[in-house]
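Everything quoted here is computed from the prediction, not taken from an experiment.
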Amino acid sequence: DNTQRELVENVIPAKDLIVKDLQEELDATRQGHARSVAEAEELRRKMQVELDTISQEMNQYLQEADNSKRSRDLADAQRKQQEMAEREAARRAFDAELVA
């Protein structure tokens, strides 16, 4: 029968070719998707490293600022303590002069 022979000679090979092309396209799409996922994961990792670095730098900056403020506060406290000691010495000297 001609129809059956035509089916075997033309349609089935064409169908197989179409299926093969679709399979190759699907494989390429999957590979592209896998690359995209890998690239997105690499980008996410790089961004996390950047965020961690920024966080560490900010913490270091804040620590340095805190240490600097503490140093200034300590210097101010020492200066005030010195001023109070000088005032106390002057008051004692004045009191000693009053008694004498």
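- With sequence neighbours excluded, the residues satisfying side-chain hydrogen bond (donor to acceptor under 3.5 Å, both in side chains) with Gln48 are Asp52.
- In this structure, the side-chain contact (heavy atoms from CB on, under 4.5 Å) partners of Ser55, at least two apart in sequence or on a different chain, are Asn59.
- For Asn67, the side-chain contact (heavy atoms from CB on, under 4.5 Å) partners two or more places apart in sequence, or in a different chain, are Gln63.
- For the side-chain hydrogen bond (donor to acceptor under 3.5 Å, both in side chains) test, residues two or more places apart in sequence or in another chain that qualify with Arg45 are Glu42.
- For the salt bridge (charged side-chain N to carboxylate O under 4.0 Å, His left out) test, residues two or more places apart in sequence or in another chain that qualify with Glu83 are Arg79.
- Taking Ile, Leu, Val, Met, Phe, Trp and Tyr as hydrophobic and joining them when side-chain heavy atoms fall under 4.5 Å apart, one finds Phe94 in a cluster with Leu98.
- Between the side chains of Glu64 and Gln60, at least one donor N or O sits under 3.5 Å from an acceptor N or O.
- Every salt bridge (charged side-chain N to carboxylate O under 4.0 Å, His left out) that Asp66 has, sequence neighbours left out, goes to Arg70.
- There is a side-chain donor-acceptor pair under 3.5 Å between Glu86 and Gln82.
- By the side-chain hydrogen bond (donor to acceptor under 3.5 Å, both in side chains) test, Glu88 is found to be paired with Arg91, Arg92, residues two or more places apart in sequence or in another chain being considered.
- For Lys69, the side-chain contact (heavy atoms from CB on, under 4.5 Å) partners two or more places apart in sequence, or in a different chain, are Arg72, Asp73.
- In this structure Glu50 satisfies the side-chain hydrogen bond (donor to acceptor under 3.5 Å, both in side chains) test with no other residue, sequence neighbours excluded.
- Leu22 CG to Leu17 CG: the interatomic distance, rounded to the nearest 0.5 Å, is 10.5 Å.
- Arg44 contributes atom CZ, which lies 10.5 Å from atom CG of Leu51 (distance to the nearest 0.5 angstrom).
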May I have the list of side-chain donor-acceptor pairs in residues 26-37 shorter than 3.5 Å, sequence neighbours left out?
residue, atom, partner, partner atom, Å
Asp27, OD1, Gln23, NE2, 3.1
Thr29, OG1, Glu25, O, 2.8
Ser36, OG, Gly32, O, 3.0

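- Within 6.0 Å of atom CD in Gln81, 12 or fewer heavy atoms from other residues, nucleotides or ligands are found, so the atom counts as exposed in its surroundings.
- As a member of the Ile/Leu/Val/Met/Phe/Trp/Tyr network built from side-chain separations under 4.5 Å, Val19 groups with nothing else and remains a singleton.
- Distance CZ/Arg87 to NZ/Lys80: 10.5 Å, rounded to 0.5 Å.
- A distance of 9.5 Å separates CD1 of Ile54 from CE of Met58, quoted to the nearest 0.5 Å.
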